[in-house]
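These notes concern the structure reproduced below.
All figures in this text were calculated on a predicted structure; none of them were measured in a lab. Per chain, numbering begins at 1; letters A, B, ... match sequence-line order. In what follows, every heavy atom counts, from backbone to side chain, and hydrogens, waters and symmetry copies are set aside.
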There are 2 protein chains.
Amino acid sequence: MVTIYDIAAKANVSAMTVSRVINNTGKISEKTRAKVKRVMEELNYVPNQTARSLVLQQTKLLFLLITDIMNPFYTTLARGAEDAAKKSGYRLLFGNSDENLEKESDYITTILTARVDGVLVAPAGDPSLPHLESLRRHNVPFVLLDREVPGIACDIVLGDSKDGARRLVEHLIALGHRSIAMVNGSSSISSARLRLQGYQDGLKLNDLPYDERYVYETSFGPLNDLTEMEQWIERMDPLPTAIVAGNNVLAIEVMRLLRDRGIGVPEHMSIVCFDDLGPYSEIEPFLTVAAQQAYQFGYMGMQMLIERIQERGTSLPWKKIVLPADLIIRRSVKDIT
Amino acid sequence: MVTIYDIAAKANVSAMTVSRVINNTGKISEKTRAKVKRVMEELNYVPNQTARSLVLQQTKLLFLLITDIMNPFYTTLARGAEDAAKKSGYRLLFGNSDENLEKESDYITTILTARVDGVLVAPAGDPSLPHLESLRRHNVPFVLLDREVPGIACDIVLGDSKDGARRLVEHLIALGHRSIAMVNGSSSISSARLRLQGYQDGLKLNDLPYDERYVYETSFGPLNDLTEMEQWIERMDPLPTAIVAGNNVLAIEVMRLLRDRGIGVPEHMSIVCFDDLGPYSEIEPFLTVAAQQAYQFGYMGMQMLIERIQERGTSLPWKKIVLPADLIIRRSVKDIT
DNA sequence: TATTTTAAGGTTATCGATAACATTAATCTT
DNA sequence: AAGATTAATGTTATCGATAACCTTAAAATA
């Protein structure tokens with residue numbers, strides 16, 4: 001590998017002069033600048049970021065930890081984060097925890113050893129607290145995405161989960177539904193709790209009873225075992241006329257399960273959910289959803305993170321951004337008024 | 001930040017002893033080992049990968065450069081790559097070129113300065129050649145994914161594009177279609193060229209004429225201007241009864257365009273394409289596709305890359321893996337026999 | 001007992017870049 | 001013209017970890 005010293009030797013200057021040319025610092029005569037640049041081109045010199053990071057004590061690397069790389073909500077979010085990072089000259093590392101605390105823990109280790117300058121985290125849930133405390137202890141700035149974690153104060157970008165869920169429920173009610181069930185992510189995740197509350201609020205505001213047998217709690221993430229969900233569906237007697245899914249992945253899984261058992265959507269069962277499906281929703285505009293502004297989650301979160309990094313030392317108050325969800329009505333709900 | 005020296009001082013040993021404890025090398029008495037470990041825990045020590053990389057001349061970082069992070073083909077591929085990387089103790093950086101040579105070039109710079117140990121690249125196309133030459137010149141091992149680039153010899157994982165396209169066409173023909181058009185990615189991309197050939201082969205094998213007015217070439221990537229595609233559709237007179245799309249993104253865009261103009265799919269136009277749609281194909285099993293083994297692309301590519309890195313110096317012959325595509329028949333094609 | 005061997009640890013140099021300080025020679029000031 | 005300033009460049013120390021070599025005391029061997 002060509003180093004700054006190789007350049008220096010060939011150009012008959014000191015390494016420091018080469019460094020100055022590279023970084024455009026100090027005073028360098030036009031002649032030497034040109035000479036050094038020529039030699040750099042000749043030898044195909046590329047600076048060693050590793051060495052730089054060591055002395056500068058910053059890597060210009062940021063990290064985005066998401067919980068499901070197959071979920072269009074997160075890939076769209078990643079796009080936003082990437083764009084914002086690039087704009088400020090940072091590079092971005094991605095990690096994918098699969099809603100799994102152990103994988104998340106591995107990534108936290110990676111983050112700490114790689115000495116990234118900051119992290120954007122969609123935490124797996126409340127038990128992520130020690131991971132965040134670890135980041136805090138090691139002075140790594142971070143911004144939370146989509147989920148709050150009780151016990152830690154920090155910058156955060158949230159969706160208005162309660163309101164979104166309530167609107168989904170009221171949409172169903174407006175179309176005549178009176179028996180509405182819910183599949184949700186783990187109650188150790190703040191957004192799942194709020195979506196449940198929104199669901200309950202929606203029922204209460206319309207004088208409908210809340211029956212916990214009509215609520216099933218599982219994981220937001222890729223599900224490997226659907227037998228429990230199947231049993232839940234069997235247990236509901238009578239079947240509801242509609243189901244609210246806590247996110248897009250759950251909606252897809254429930255729908256598949258229902259169809260496998262001959263229960264058509266939307267003919268025999270209506271389904272709505274949180275989060276849109278990215279480009280797929282264009283090919284068959286099917287699911288009625290409370291779409292979150294995924295790109296904005298990433299973009300604004302990244303902006304907050306970078307601001308936090310740059311204002312290091314000064315103590316800005318923690319910021320909290322709450323983005324509303326848009327109700328997009330398509331055809332997964334049957335009008336039974 | 002706590003360093004190895006802080007640990008050494010507090011434990012009354014030398015830095016080297018601490019290093020030995022961390023890496024389990026050399027001979028250390030149980031007593032000192034325990035003492036050092038205790039101090040490391042007390043001070044929350046985390047090794048500095050930056051310093052390590054500098055002296056070891058390796059970062060244990062790999063890079064995956066894809067061309068469209070919103071495309072389920074690539075996110076699935078990324079999952080495979082991630083799993084394989086993790087298995088061998090490597091961390092993975094992602095980049096997203098958006099089928100854009102300039103963005104690709106930026107990522108190549110990032111890759112070189114970050115001194116990653118190896119790269120998995122889905123190149124933007126034939127003009128990516130200088131980028132690959134740059135990697136080669138700097139001795140960065142790489143494996144190509146999905147697309148060949150004339151002029152460079154290297155390890156590569158490909159799909160059987162020609163065969164897949166031919167089978168899509170013959171499927172259409174079997175269902176009575178005689179007038180079949182094609183939207184394709186740029187002819188500067190090897191897989192686009194092969195898909196076009198497969199399309200032509202399919203026609204020829206069935207004694208159907210090839211008419212280049214029925215072929216439209218654009219980009220595989222996110223399209224921002226659809227007017228040209230619109231004009232192409234208008235120009236075709238009479239309209240074909242079916243369209244083969246070079247990939248899933250194109251299929252979605254064409255379908256939207258057709259539907260906007262009142263041409264229903266599959267009632268008035270049949271559509272098939274390369275690459276499946278990930279989870280979405282489960283919610284509305286609609287598009288008939290030649291599904292590529294996306295996960296395997298990533299997994300096997302990563303394995304090849306890691307092998308290449310580990311056998312550095314020895315000169316293994318270049319390997320080429322060709323994965324077949326699976327024809328998945330759904331309901332986007334109308335039977336008109 | 002004298003000599004090797006080994007276990008357990010320490011010292012020093014190094015990776016590639018940059019910050020801080022030092023050195024020249026030329027230019028400016030009064 | 002003598003000292004002060006400045007432009008242009010060089011020297012040395014440093015970031016945190018590890019490789020390669022060195023030291024010492026105890027254990028093993030002849």
Side-chain angles (χ1 to χ4, degrees), chain A residues 1-37 39-40 43-61 109-117 138-140, chain B residues 1-37 39-40 43-61 109-117 138-140:
Chain A
M1 281 276 108
V2 177
T3 76
I4 211 173
Y5 296 98
D6 302 322
I7 309 293
K10 191 151 187 187
N12 268 311
V13 295
S14 75
M16 201 53 222
T17 300
V18 178
S19 175
R20 289 193 181 105
V21 170
I22 294 170
N23 298 292
N24 260 310
T25 53
K27 317 204 179 228
I28 301 284
S29 73
E30 266 319 307
K31 208 165 60 177
T32 30
R33 182 188 305 279
K35 186 171 54 181
V36 169
K37 283 202 166 168
V39 176
M40 289 201 304
L43 301 188
N44 283 306
Y45 172 74
V46 174
N48 185 324
Q49 184 59 44
T50 287
R52 234 182 217 166
S53 299
L54 187 57
V55 58
L56 294 180
Q57 298 288 63
Q58 57 157 349
T59 54
K60 282 283 171 180
L61 262 183
T109 305
T110 292
I111 286 165
L112 292 176
T113 62
R115 293 292 195 273
V116 301
D117 293 345
H138 290 281
N139 253 316
V140 181
Chain B
M1 282 275 108
V2 178
T3 76
I4 211 175
Y5 297 99
D6 302 323
I7 309 294
K10 192 151 186 188
N12 268 312
V13 295
S14 74
M16 202 53 222
T17 301
V18 178
S19 174
R20 289 192 179 106
V21 170
I22 293 169
N23 298 290
N24 260 311
T25 53
K27 316 202 180 234
I28 301 285
S29 74
E30 266 320 307
K31 208 165 59 177
T32 29
R33 181 189 305 280
K35 186 171 54 178
V36 169
K37 284 201 166 170
V39 176
M40 290 202 302
L43 301 188
N44 283 307
Y45 171 74
V46 174
N48 185 324
Q49 184 60 42
T50 286
R52 236 182 216 167
S53 299
L54 187 57
V55 58
L56 294 180
Q57 298 288 63
Q58 57 157 351
T59 53
K60 281 282 171 183
L61 263 182
T109 305
T110 294
I111 285 165
L112 292 176
T113 61
R115 294 293 195 272
V116 301
D117 293 345
H138 287 99
N139 253 316
V140 181

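Side-chain contact between B:Thr3 and B:Asn48 is absent, with no heavy atoms from C-beta onward closer than 4.5 Å. At a threshold of 4.5 Å between non-hydrogen side-chain atoms, the residues A:Gln49 and B:Thr110 do not count as touching.
B:Val18 comes within contact range of no nucleotide atom at all, as no heavy-atom separation falls under 4.0 Å. Counting non-hydrogen atoms under 4.0 angstrom, A:Ser14 reaches a base of the nucleic acid. As judged by a 4.0 angstrom heavy-atom cut-off over every strand, B:Thr32 is placed among residues touching the sugar-phosphate backbone only. B:Leu56 comes within contact range of the sugar-phosphate backbone alone, with a heavy-atom separation under 4.0 Å but no base atom that close.
Summarising the geometry, the separation between CZ on A:Arg20 and P on C:dA17 is reported as 15 Å, rounded to the nearest angstrom. We find that CD of A:Gln58 is positioned 11 Å from P of C:dT18, with the value rounded to whole Å. The distance from atom CG of B:Asn23 to atom C1' of D:dA17 is 9 Å, rounded to the nearest whole Å. Distance B:Ile22 CD1 to D:dG16 P: 13 Å, rounded to the nearest Å. Distance NZ (B:Lys31) to P (C:dA8): 11 Å, rounded to an integer number of Å. When the C1' atom of D:dT9 is taken as reference, atom CE of A:Met16 falls 10 Å away, rounded to whole Å. Look at NZ on B:Lys35: it is 14 Å from P on C:dA8, rounded to the nearest Å. Rounded to whole Å, atom C1' of D:dA17 lies 16 Å from atom CE of B:Met1.
Between B:Ser29 and C:dG9 there is a side-chain polar atom (N or O) within less than 4.0 angstrom of OP1 or OP2. Within the 4.0 Å cut-off from OP1 or OP2 of D:dC15, not a single side-chain nitrogen or oxygen of B:Asn48 is found. The side chain of A:Thr25 places no N or O atom within less than 4.0 Å of a non-bridging phosphate oxygen (OP1 or OP2) of C:dT18. A sub-4.0 Å separation between OP1 or OP2 of C:dT18 and a side-chain N or O of A:Gln57 is absent. Look at A:Tyr45 and you'll find a side-chain N or O under 4.0 angstrom from OP1 or OP2 of C:dA17. Within the structure, every side-chain polar atom (N or O) of B:Lys27 is placed at least 4.0 Å from both OP1 and OP2 of C:dA8. Residue A:Thr17 has a polar side-chain atom (N or O) positioned under 4.0 Å from OP1 or OP2 of D:dG10.
Residues A:Tyr5 and A:Asn12 each lie close to DNA chain D; by heavy-atom proximity, the contact nearer the 5' end of the strand is made by A:Asn12. Residues A:Gly26 and B:Val55 both approach DNA chain D. Their nearest nucleotides, taken by heavy-atom distance, put A:Gly26 toward the 5′ side. Along DNA chain C, the nucleotide nearest to A:Gln49 and the one nearest to B:Ile28 differ in position, and the one closer to the 5' end is contacted by B:Ile28.
Note that OG1 of A:Thr59 and CZ of A:Arg115 are 10.0 Å apart. Values are rounded to the nearest 0.5 Å. Distance CE/A:Met40 to CG/A:Asp6: 13.0 Å, rounded to 0.5 Å. Of the inter-residue distances, the one linking A:Asn44 atom CG with A:Met1 atom CE reads 9.5 Å to the nearest 0.5 angstrom.
The bend of the helix from C:dT1-D:dA30 to C:dT30-D:dA1, defined by the angle between the axes of its first five and last five pairs, stands at 50° to the nearest 10°.
In this model, no side-chain donor or acceptor of A:Arg115 finds a partner on the base of D:dG16 within 3.5 Å.
More than 12 heavy-atom neighbours from other residues, nucleotides or ligands sit within 6.0 angstrom of NZ on B:Lys35.
Side-chain N/O atoms of B:Thr17 and B:Ser14 include a donor and acceptor closer than 3.5 Å.
Between D:dA17, C:dG16, C:dG10, one nucleotide has an atom nearer to the side chain of B:Thr3 than all others, and that is D:dA17. Closest to the side chain of B:Ser19, from the set D:dT18, C:dT18, D:dG16, is D:dT18.
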Practice task
Walk me through it: do B:Val18 and B:Tyr45 pass the test side chain to side chain contact (heavy atoms under 4.5 Å, CB included)?
Solution key: CA-CA 11 Å; B:Val18 178; B:Tyr45 171 74; 5.7 Å; no
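A pairwise comparison of heavy atoms in A:Ile7 and A:Val2 identifies CD1-CG1, 3.9 Å as the closest pair.
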